[in-house]
Amino acid sequence: MKALEGVRVLDMTHVQSGPTGTQLLAWFGADVIKVERPGSGDATRGQLRDIPEVDSLYFTMLNHNKRSITLNTKSQKGQEIFSELIESCDVLAENFAPGALDRMGFSWQRIQEINPRIIYASVKGFGPGPYQDCKVYENVAQCTGGEASTTGFDDGPPTITGAQIGDSGTGLNMALGIVTALFQREKTGRGQRVECAMQDGVLNLCRVKLRDQQRLSRGPLTEYPQYPNGEFGDATPRAGNASGGGQPGWVVKCRGWESDPNSYIYVIAQAASFEHLACAIGREDWLEDPEWNTPKARLPKLGQMFDEIEKWTTTLTKFEIMAILNPLDVPCGPVLSMKELADEPSLRATGTVVEVDHPARGKYLTVGNPIKLSESATTVTRSPLLGEHTDEILREILGLANDQIAAMRSEGAV
Ligand code: CAO
């Protein structure tokens, strides 16, 4: 049995943020019915296509384990069907531009009237405030949520991270909100509204930077590379590759860095294992030297310390360094490329990287469920073709006959 077996989700999500959330629910066993516009469907089906006329990897990698129904929710018949689906589902999820569902005639009030038990979850760019009506994509959320102003190097521009913290991060929040609301419904019998703003989601993930903003008013941020020689302004600065915690860390070059852009390793020089680290890099002298043998003495010259560490790391590969430092309890991690991650056998074994077969594109790799439940194993199945399950869903859930479905199709409602 799967954890969310019996939960039916009416999935009006599109692009990335919403679909990642409902995909998680599908992986936990919910029946996720993706509602798409007839003819075109989710715009990502056609975006960044690598094979002509075939659903893109963008779409397939965000919509596993779902069923697809096409429905024109702006047509009268389509709206009737949509109302009936709301009646028969536990969850309605959407991430349209602000107000889109209201414009279709489905306000929260109306949705509740149709089904008081339903949980209605939305992702928007912003919560209530000056930007509440704006459309938002990933990088906009990163800029407005505090990620960009705090990422990059002090002498460079604000920088976007490749991790989709605005989209997939907020999708996670939405999934948690839905499951929590389902849990509360067990006791109250009532549904509720779940609202997740991408700005809030990014800021939540940048929590330590708001911590540093407040520390800044009490003095310089001593673990930042700006200390002690650079200048601090009135806002949390960009910290380069410095560690966000209390332990000094940096990315250092490894053997082959001149030709391999990912021949780097992150090394954390924490006090508990500093002795081992100093010995490993051949600087036993630091242990007797008051200029180096305490965290306080090292703090003003972390840059110099990592330069010394790098002299050693450039003589070895990132994997050799990992093999030496790990047994010494020196925290470190090789910078792994997407190619290396795709080929990593342990990630295949745990289902974190999965090969999926698709009727039109053949085999492709995807990221499986990152959350592992011992009583609810995830099997990743391919994303649906546009409208693949329209007839099945209309017959099975709404009890429509074939001729009724055919009539709806000829009038463009499905
Ligand atoms: N039948 C009929 N109409 C449909 C439909 C269906 N099945 N599905 C969608 N539509 C309509 C919507 O009702 C909307 O119509 P109106 O403009 O008349 O209200 C229209 O299609 C377009 O929807 P949209 O405005 O949401 O889409 P967009 O491409 O213009 O904007 C996005 C995309 C993502 C910027 C916007 O949806 C948004 O800001 N979403 C919230 C934030 C978010 O999730 N962003 C993450 C995006 S991933 O980076």
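For this chain, numbers begin at 1 and follow the sequence in order. Atoms within each ligand, like the ligands themselves, are counted from 1 in listed order. The figures here come from the full heavy-atom set of this structure, side chains too, leaving out hydrogens, waters and symmetry mates.
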- Task: State whether the side chain of Q199 and the backbone N or O of A141 hold a donor-acceptor pair below 3.5 Å, judged by distance alone.
- Result: no
- Query: Between E388 and R382, is the closest basic N to carboxylate O distance under 4.0 Å?
  - Reply: yes
- Item | Heteroatom distance test (R103, ligand 1): nitrogen or oxygen, under 3.5 angstrom | yes
- Message: Please work out, at 4.0 Å between heavy atoms, whether the side chain, the backbone, both, or neither of R37 comes within that distance of ligand 1.
- Response: both
- Is M198 touching ligand 1 with its side chain, its backbone, both, or neither, if touching means heavy atoms under 4.0 Å apart? side chain
- Message: Between D11 and R67 (salt bridge meaning N to carboxylate O under 4.0 Å), is one present in this structure?
- Response: no
- Message: Only heavy atoms of D167, strictly under 4.0 Å: list the atoms of ligand 1 that pass.
- Response: 46 (C), 47 (C), 48 (S), 49 (O)
- Query: Is it the side chain (CB and beyond), the backbone, both or neither of N72 that lies under 4.0 Å from ligand 1, heavy atoms counted?
  - Reply: both
- Query: For ligand 1, which atoms sit closer than 4.0 Å to a heavy atom of V123?
  - Reply: 41 (C), 44 (O)
- Item | Side chain, backbone, both or neither: L71 near ligand 1, heavy atoms under 4.0 Å | backbone
- Item | Electrostatic pair E344:K339 at N-O distance under 4.0 angstrom | no
- Pull out every atom of ligand 1 sitting under 4.0 Å from any heavy atom of A100, numbered as shown with elements. 19 (O)
- Message: Using a 4.0 Å cutoff against the non-hydrogen atoms of M104, which atoms of ligand 1 qualify?
- Response: 4 (C), 10 (N), 12 (C), 13 (O)
- What atoms in ligand 1 come closer than 4.0 Å to a heavy atom of E138? 49 (O)
- Message: Can you confirm, on distance only, whether ligand 1 has an N/O atom lying under 3.5 Å from any N/O atom belonging to A97?
- Response: yes
- Message: Could you check whether any heavy atom of H14 sits closer than 4.0 Å to an atom of ligand 1, since that is the contact criterion I want to use?
- Response: yes
- Item | Contact check, G125 vs ligand 1, heavy-atom distance below 4.0 Å | yes
- Over all atoms of both residues, closest heavy-atom pair of Q270 and P331: OE1-CG, 3.3 Å
- Should Y58 be counted as touching ligand 1, given the test is an N or O pair under 3.5 Å? no
